[in-house]
Amino acid sequence: MKAGAQGFGETSYVAGGDSSDAMLAFQPPFRSADAEVLPNRERIVSRSRDLARNNGWTAGGIVKEVDAVVGSRFRPLLKPDWMALGLSSEWAAEFKNRVEARWRNYAEDPRKLCDLTRSQTVGQMFALAYRNYIIEGEALGIVSWRPERPTATVLRVVDPDLLSTPADLADETRLRSGVELDRHGAAFRYHFRQAHAASPYADEGQFTWKALPREKGWGRPVVMHFFDKFRDGQTRGVSRLAPIIETLRMEDHYGRVELQAAVINAVLAAFIKSPMGPEAMDELFGEGDGGNAILGYHENRQSYYEARDGVRMGNARITQLFPGDEIGMVSTSRPAAQFAEFEGAVLRKIASGLGISYEQLAADWSKTNYSSARAALVEIWRGWTSRRVSFAQGFCQPFFMAWLEEEIDTGRITLPRGAPSFRENWSAYSRAKWIGPGKGFVDPVKEAQAAAMRVALGLSTLEEEAAELTGSDWLENMEQIKREIGVLPEGSLHPVQESFARLLGQVGSPLLDERT
C-alpha cells in the first residue's frame, strides 16, 4: 500500500498544503506566543502611537471607544456577596451606600489626591489606562502608599514602555520584557525603568530599575497589568491597532495624495503659454550668446506684466498679454471620481478591526435607518460591554479593593461584630458592577418601552436598565425623585407616580391587560 493512501505525504486541508500559488507564498513563521510579540513590540507600539497622533480616523475611533466603554466617571455599583459572608441583605444595602459615598468623595475630589502625580481624578486615570490598552495593548498601574494624604492609597498609571528587563539584557525563561514569572508561568514581580529610555532629559533613572511585587504578602494589589491574552505563554499585550496598521497607513497616504491633487487643481486655475521653447528661442535669436537672448526675452515679459499689475483671474480682469502669449486653463475635474466609494470600503475594514461600526467611525448616518442603526448598536455594544467587564475586573477592581482595605483598616468603614475578615474575603466584600456611559437611544420611546417590558417579565431590573441605558445609579435616581416629589406643589403628581404602563403609552397592551 502506498504511503499516500494511508494519509502520509498528502494533506487533507488546503490550508496545510502548497498546491496553490496563494498557499505556496504564504509561509508565516511557527513561533511561541512571546516570540511573536516581544521582538517587534516596540515598533508596533511606535507605529500605533503615530497613527493615534496624526491619523484622524484612528484618533476618532480611539476616542469613541474610550468615551463609550469608560467615559469620564467610571464607577463601581457595589454588590457585596452578603450570602457568602453570612450577613444580612439589610447590612449589604447600608454597606453599599456607605462605601459608594466614600468612593465618590475620594475618586472625584477636584484636588486629585487619588493620583500619585496629582493630575487626574480616578475616572480620568481609568480612561488613560484604557487608552493605553487600545494603543499599546496593555494598561499598567501601580498602587502606592502616601501617608501624608487624607487617603494614603493612590494610583499611578504607568507608561508601558517603562516595564522592561533590567539593564536591557536579553530575556530569559523566567524574566521576559520586565515581567518575572514563577515556575507555573504566573507573573509575581515587575521591573520598571525609572525614566523613559528615550527621554530628552539627562536622567539617571534611564539606567535604574525598580522591582515591584504583583501584590503584598497578605493579598493587597500593587501592580495592575491588564492585556488581552490570546495564547498560553503570552507575557505582554499587543496593540489593538496591530491588525489594521498597514491599512490605516495606506489609506492615510492615499487620502493625502487625493487631497493634494484636489488642492493643486483648485489653486492652479490657469497658466500662460509662451509661443516658443528655449531651444527654438536660442536658435532664432541667440546666435551662440550662451542663453542671453532667452534671459532678455523673459525679462521683457516680466517687466511687461509687472507694469500692468500682472494677470489676475479673481475679479474677471485680464490685461493684454505679451505678444505671442496664450492663456491655458487647467481642468478642475475631481482627481478620482470613485474616491468616496473606495474610502468607504476601506473605512469599513478599519471599523471592523477597531470593533465599531462604519457609521460611528465615519460619522456618516446618511444611509442608515432605525433598524440597521439599532442592529449595529446592539452588535457593537456587545463587544464594548465585554471589554468593559474585562477592563474593570483586570484593572479597576484591584485598585478598588486596595482602597477599600484602607477604608476598613482605618475604621472609616466598619464591619459588623463577628463579620468575616476582609483580607480573607476580598472579593465578597468588594464585589461590584462597574458603570460607565449608557448605551444611549436610537429611538428613546421604543427603547424605554422595551426596558419596561424586560422589567415586567423579570428579565431585568430597574437598576440594570438605568445603568445600561443612561449610565446612572437607580438608587441615586430614586433619592433624587423623592426630593423632587417633596418640593412639588400640593396636588401635583410626579411622572413616576403615574401608572408605569400609562406613562410609557402601554394602555391596552395585551402584555399588561387589566393590571394597568
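Counted by atom type alone, D18 and Q27 present one or more donor-acceptor pairs between their side chains at under 3.5 Å. For the residue pair E65 and Y130, a side-chain donor N or O sits within less than 3.5 Å of a side-chain acceptor on the partner. No hydrogens or angles considered: a donor-acceptor pair under 3.5 Å links the side chains of W434 and Q397. Donor-acceptor pairing under 3.5 Å is recorded for the side chains of D115 and S119.
Ion pairing between R41 and E136 fails under the 4.0 Å rule for side-chain N and carboxylate O. One finds no salt bridge joining R174 and E180 here, because no Lys/Arg side-chain nitrogen approaches an Asp/Glu carboxylate oxygen to under 4.0 Å. Salt bridge absent: E172 and R176 never bring a charged side-chain N and a carboxylate O closer than 4.0 Å. Using a cut-off of 4.0 Å between Lys/Arg side-chain N and Asp/Glu carboxylate O, R231 and E36 are scored as salt-bridged. For the pair D67 and K64, the salt-bridge criterion is not met [side-chain N within less than 4.0 Å of a carboxylate O].
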For this session: For side-chain hydrogen bond (donor to acceptor under 3.5 Å, both in side chains), just list the numbers for E406 and T153, CA-CA rounded to whole Å, side-chain angles, deciding distance to a tenth of an Å, and then say yes or no.
Result: CA-CA 7 Å; E406 180 187 350; T153 300; 2.6 Å; yes
Problem set entry | Verdict with reasoning, H225 to E138, per side-chain hydrogen bond (donor to acceptor under 3.5 Å, both in side chains) | CA-CA 7 Å; H225 184 204; E138 52 192 1; 2.7 Å; yes
Exercise. Given R220 and E215, is the salt bridge (Lys or Arg N to Asp or Glu O under 4.0 Å) satisfied, shown in steps?
Worked result: CA-CA 5 Å; R220 177 182 172 85; E215 57 198 10; over 6 Å; no
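Annotation: Y190 is not in aromatic contact with W209 [ring centroid separation under 6.0 Å not met]. Between F226 and F391, the ring centre distance stays below 6.0 Å.
Nearest approach of K96 to L77, heavy atoms of both residues: NZ-CD1, 3.0 Å.
Within the 3.5 Å criterion, the main-chain N or O of M401 finds no donor-acceptor partner in the side chain of S430.
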